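Report on the following structure.
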Amino acid sequence: MGWDEILLLWCGLWAVVALVGLVRSLAGVTADQRKVRLTGRIVRVTEPRHGGSGKGGIPVVVRYRDPVSGEEVEVTNDGERGEMITVAWEGRELGIGYPPGRPHAYRFSPVDEEPGRGLGRPGLALFLVCAGLVALAAVRWGWPWALIGVAGPWAVAGIVLLPRAVREKADRITRLAALEAVPGRVVAVLRDVSVDEDGDTSTTITPVLSFTTRDGTVVTAHCRNDLPGPPRTYGLELTVHHDPADPAVFMLDRSAGQRSAERGVLYHAMMIVVLVATTVAGVVLL
């Protein structure tokens with residue numbers, strides 16, 4: 001069996017997987033579509049212990065109403081429970097989902113997360129089909145076709161999405177300008193040590209902030225990016241800028257957030273230029 005036949009078989013198998021996944025999604029029988037989705041509310045937040053682990057997120061107790069019995073149920077985020085809770089306050093709403101008839105297998109998610117349609121795996125299968133077709137074109141007609149097949153679609157997608165990226169940048173800068181400044185304090189520094197397959201160790205340091213919004217909401221949050229020298233920040237007093245409508249959106253350096261928004265659009269535009277140039281090079285080399 002030659003490379004042509006192998007690649008054709010690859011594309012055919014993944015095309016079947018993509019088609020089956022699409023049919024299941026249209027029929028509404030995927031695991032994501034059958035999942036029971038509820039809204040819970042945090043009723044208790046436990047401040048992490050200084051020097052402890054940050055892997056499990058901020059310990060919370062979440063209460064929701066069982067749709068069958070109508071009784072209120074309290075659950076915690078101990079163990080693998082989907083979305084790790086890194087920002088918490090009493091009264092914050094969280095999404096809770098579980099397979100039908102298995103409430104003990106609950107998982108947390110953002111409350112505004114759109115219900116899935118089970119298209120993740122079919123989408124991956126379709127991507128693998130496209131990759132196989134690009135490889136097949138390169139084997140049959142020459143490697144410049146690989147440049148066109150890879151860079152061309154991505155360039156088109158980047159151009160189509162560029163106006164959206166510009167709008168999101170403008171929206172983000174507007175939101176940054178509306179952030180409220182309140183005093184905060186580092187109440188704990190968490191430490192996690194991991195060992196890779198080669199026996200090398202790495203340490204992750206996670207400072208934990210506590211701040212109170214102007215309406216009296218006490219927020220506890222992980223903060224990994226904005227603090228210099230995180231191992232030495234325990235007890236540090238600082239200023240926190242947060243969204244008054246959603247305290248989960250916060251930062252310490254507002255100007256850095258604005259620069260990040262500007263760089264995001266710049267990188268997007270630069271990537272489009274690179275992809276278009278790669279596509280043109282493939283056409284020229286045919």
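Here the structure is a predicted model, which means the values were calculated and not measured.
One hydrophobic cluster holds both Val17 and Leu133 under the rule that ILVMFWY side chains link at heavy-atom gaps under 4.5 Å. Linking Ile, Leu, Val, Met, Phe, Trp and Tyr residues whenever their side-chain heavy atoms come within less than 4.5 Å places Leu236 and Val182 in a single cluster. Cluster annotation: Phe250 is not connected to Leu94 through the hydrophobic network of ILVMFWY side chains, with a link wherever side-chain heavy atoms come within less than 4.5 Å. Residues Leu209 and Val45 fall into different hydrophobic clusters, defined by Ile, Leu, Val, Met, Phe, Trp and Tyr side chains chained together at heavy-atom separations under 4.5 Å. Hydrophobic clustering places Leu227 together with Phe211 (ILVMFWY residues linked when any side-chain heavy atoms are closer than 4.5 Å, directly or through intermediates).
Between Val134 and Val150, the shortest heavy-atom contact is CG1-CG2, 3.8 Å. Across Thr239 and Ala181, no two heavy atoms sit closer than the pair CG2-CB, 3.9 Å. Residue Leu190 comes nearest to Pro48 through the heavy atom pair CD2-CB, 3.9 Å, listed as atom of the first residue, atom of the second, then distance. The two atoms that bring His268 and Ala165 nearest to each other are ND1-CB, 3.8 Å, heavy atoms only. Counting all heavy atoms, side chain and backbone alike, Ala88 lies closest to Ile42 at CB-CD1, 4.0 Å. The minimum heavy-atom distance linking Pro247 with Thr213 is given by the pair CG-CG2, 4.1 Å.
Ring planes of Tyr234 and His50: parallel class, angle under 30° (limits at 30 and 60°).
Not one N or O on the side chain of Asp32 forms a donor-acceptor pair closer than 3.5 Å with the backbone of Arg34.
Taking the centre and axis of the six-membered ring of Tyr106, the NZ or CZ atom of Arg81 falls inside the cone set by 45° and 6.0 Å.
To the nearest 0.5 angstrom, Cys11 atom SG is 10.5 Å from Leu126 atom CG.
At a cut-off of 3.5 Å, with distance as the only test, a side-chain donor of Ser202 or Ser194 sits close to an acceptor on the other residue. A donor and an acceptor atom, one from each side chain of Gln258 and Ser255, are nowhere located under 3.5 Å apart.
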Please lay out, stage by stage, how Thr203 and Arg191 fare under the test side-chain contact (heavy atoms from CB on, under 4.5 Å). CA-CA 7 Å; Thr203 303; Arg191 182 185 300 269; 3.7 Å; yes
side-chain contact (heavy atoms from CB on, under 4.5 Å) for Ser210 and Arg185? Distances and angles first, verdict last. CA-CA 5 Å; Ser210 178; Arg185 182 173 178 270; 5.5 Å; no
Full working for side chain to side chain donor-acceptor pair (under 3.5 Å) between Thr204 and Asp192: CA-CA 5 Å; Thr204 301; Asp192 292 286; over 6 Å; no
Apply salt bridge (charged side-chain N to carboxylate O under 4.0 Å, His left out) to Arg107 and Glu83, showing your working. CA-CA 7 Å; Arg107 295 291 185 271; Glu83 182 84 3; over 6 Å; no
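By the 4.0 Å N-to-carboxylate-O rule, Glu71 lies too far from Arg65 to be salt-bridged with it. In this structure, Arg164 pairs ionically with Glu168, as a charged nitrogen and a carboxylate oxygen lie closer than 4.0 Å.
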